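Here is the structure we will look at, set down as structure tokens.
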Amino acid sequence: MATDQLPIPEQYASLLQLLKDRIRTAQVHAVLAANRELVLLYWSIGHEILQRQQDNGWGTKVIERLSADLHHAFPGMKGFSTRNLKYMRAFAEAWPDEAFVQQAAAQMPWFHNCVLLDKVHRPEERIWYVHQTIENGWSRNILVLQIESNLFSRRGSAITNFQSVLPPPQSDMADQALKDPYIFDFLTLSESVRERELELGLLTHIQRFLLELGVGFAFVGNQYHIEVGGEDYYLDLLFYHLRLRCYVVIELKTGAFLPEHAGKMNFYLSAVDDLIRHPDDKPTIGIILCKAHDRFIAEYALRDINKPMGIAEWQTRLVESLPTELSSDLPSIETLEEELTDMERKTEKG
């Protein structure tokens, strides 16, 4: 049945006129050029559709009719496809609190919000990704990468002694700065990889490595030389964390965690605190990245150590591998992107 032959529900005309007025108002005030106003407009449209469907029992065919009529009313505008109107409805359903949309969700580009609708279903997890995206300035592809690597569940999961050796709130901040496991899916390594090969692979992909470590890590050096008692020692990787205001020593292990690894790290942390750390810096933190660890052995190894230390695993691939092209997993978003090209151009000109 053609769209213009569909039966028109009662009060449909008032809805169509209401949406036309809102769109024209947005045009007059030139707010469609701003992403925030665009997202708020989309939420408003989605909210009206959702409300009418809930109150009057309208079916999905109404969305098809709205798409056709809005295209007719605004022939120079894109973004009113049936698919995008359904995203607007889902967006309003996911975020019933308009205040949150104004304060947070509207600070992200529309396509970021569509990614969250497609890939994240728990409200608390979705809220977390919204705040992280805003705070870290993630692109859409980076947001997809973080969701696919299950960052929400991995953060703060490393085995540490931070709560017993660091004062709050630094202990909580340090815990959240670590994750378990670390995903190095950008590396191609053999089963018999040596620690030096792992180190060089991470340095070759330093940008991806820093992204996986998280916000705040600044690279200082690899095989960083320190001298203690006339003997030479070399730290695998040395970073400075800008938020924690401390040095971070990372030691790489290609095998399972052993208790003696904690003892060696404790030695390194003492040396860095004495030889490198500035008086205004916080205590140096150590991270032991190993191929595997037993939680009980790791917790026993850290129990009586008074230097802040964490133990986490690293993996070269996800349990559910990411697709080669992230965009191939988002056909609906790509379609939307094509449909909204003209609108984005207007935004850039504005």
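Small disclaimer: the values here were computed from a predicted structure and weren't measured.
Looking at Asp97, its side chain does come within 3.5 Å of a backbone N or O of Ala99 through a donor-acceptor pair. In terms of modelled atom types and a separation under 3.5 Å, the side chain of Asp273 and the main chain of Pro283 share no donor-acceptor contact. With Ser44 contributing its side chain and Leu40 its backbone, the two residues share no donor-acceptor pair below 3.5 Å. Under a 3.5 Å cut-off, the side chain of Asn222 and the backbone N or O of Glu199 do not form any donor-acceptor pair. Checking side-chain atoms of Ser149 against main-chain N and O of Gln146 turns up a donor-acceptor pair under 3.5 Å.
Within 6.0 Å of atom OH in Tyr300, 12 or fewer heavy atoms from other residues, nucleotides or ligands are found, so the atom counts as exposed in its surroundings. Other residues, nucleotides and ligands contribute more than 12 heavy atoms inside 6.0 Å of the CD atom of Glu124. Sparse packing is recorded around CG of Asp304, with 12 or fewer heavy atoms of other residues, nucleotides or ligands lying under 6.0 Å away. No more than 12 heavy atoms of other residues, nucleotides or ligands sit less than 6.0 Å from atom NE2 of His72.
Salt-bridge annotation for Arg196 and Asp236: absent, with no side-chain N of the basic residue lying under 4.0 Å from a carboxylate O of the acidic one. The pair Arg295-Glu299 meets the salt-bridge criterion, with a side-chain N (NZ, NE, NH1 or NH2) lying under 4.0 Å from an Asp/Glu carboxylate O. Using a 4.0 Å cut-off between a side-chain N of Lys or Arg and a carboxylate O of Asp or Glu, Arg208 and Glu212 do not qualify as a salt bridge. A salt bridge between Lys179 and Glu313 is absent, with no side-chain N of the basic residue lying under 4.0 Å from a carboxylate O of the acidic one.
In this structure, Ile134 and Ala104 approach most closely via the heavy-atom pair CD1-O, 3.3 Å. When every heavy atom of Pro308 is checked against every heavy atom of Val165, the shortest pair comes out as CA-CG2, 3.6 Å. Across every non-hydrogen atom of Ser67 and Thr82, the tightest pair is OG-N, 3.3 Å. Here the closest heavy-atom approach between residue Arg277 and residue Lys282 is recorded as NE-O, 3.5 Å. Nearest heavy atom pair, residue Ala92 against residue Leu50, reads C-CD2, 4.2 Å. Of all non-hydrogen atoms in Asn150 and Glu125, the two that sit nearest each other are OD1-OE2, 4.5 Å.
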Only pairs under 3.5 Å count here: list side-chain donor-acceptor contacts from residues 260-269, not counting sequence neighbours, and write none if there are none.
from   : atom 1 : to     : atom 2 : distance (Å)
His261 : ND1    : Leu258 : N      : 3.1

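In the hydrophobic cluster analysis, where Ile, Leu, Val, Met, Phe, Trp and Tyr join through side-chain heavy atoms closer than 4.5 angstrom, Val249 is grouped apart from Phe217. Linking Ile, Leu, Val, Met, Phe, Trp and Tyr whenever their side-chain heavy atoms come within less than 4.5 Å leaves Leu166 and Val272 in two separate clusters. Hydrophobic clustering of Ile, Leu, Val, Met, Phe, Trp and Tyr side chains at less than 4.5 Å, counting indirect connections, unites Phe186 with Leu189. In the hydrophobic clustering of ILVMFWY residues, with side-chain heavy atoms under 4.5 Å counting as a link, Leu244 and Ile276 come out apart. Leu143 and Val215 fall into different hydrophobic clusters, defined by Ile, Leu, Val, Met, Phe, Trp and Tyr side-chain heavy atoms under 4.5 Å apart, directly or through other members.
Side-chain contact check for Arg36 and Gln102: no donor-acceptor pair (N or O, by modelled atom type) lies under 3.5 Å. Looking at Asn161 and Ser164, their side chains never bring a donor and an acceptor atom within 3.5 Å of each other. With 3.5 Å as the limit, one finds a donor-acceptor pair spanning the side chains of Asp281 and Tyr240. Using modelled atom types and a 3.5 Å distance limit, the side chains of Tyr12 and Asn56 yield no donor-acceptor pair. Side-chain contact annotation: Thr254 with Arg194, donor-acceptor N/O pair under 3.5 Å absent. A donor-acceptor contact closer than 3.5 angstrom is absent between the side chains of Asp185 and Thr316. A donor and an acceptor atom, one from each side chain of Gln176 and Asp172, are nowhere located under 3.5 Å apart.
Qualifying salt bridge (Lys or Arg N to Asp or Glu O under 4.0 Å) partners for Glu195, counting only residues two or more places apart in sequence or in other chains: none. Partners of Glu231 by salt bridge (Lys or Arg N to Asp or Glu O under 4.0 Å), not counting sequence neighbours: none found.
Within the 4.5 Å cutoff, no side-chain heavy atoms of Leu213 are placed close to those of Val248. At a threshold of 4.5 Å between non-hydrogen side-chain atoms, the residues Ile250 and Leu289 count as touching. A 4.5 Å side-chain heavy-atom check between Trp314 and Leu198 finds at least one atom pair inside the cut-off. Taking the side chain as every heavy atom from C-beta outward, Arg154 and Asp180 never approach each other to under 4.5 Å. At least one side-chain heavy atom of Phe184 sits under 4.5 Å from a side-chain heavy atom of Phe209.
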Practice problem: Go through the steps for Arg89 and Gln53 under the test side chain to side chain donor-acceptor pair (under 3.5 Å), then give the verdict. | Solution: CA-CA 10 Å; Arg89 181 193 181 281; Gln53 287 184 327; 2.3 Å; yes

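Rounding to the nearest 0.5 Å places CG of Leu211 at 11.5 Å from CD1 of Ile206. Arg126 contributes atom CZ, which lies 9.5 Å from atom CD1 of Ile147 (distance to the nearest 0.5 angstrom).
Between Phe80 and Phe74, the angle of the ring planes lies from 30° to 60°, which puts this pair in the tilted group.
The ring pair (Phe, Tyr, Trp, His ring centres under 6.0 Å) test with Tyr42 singles out one residue from Trp110, Trp95, Tyr87, and that residue is Trp110.
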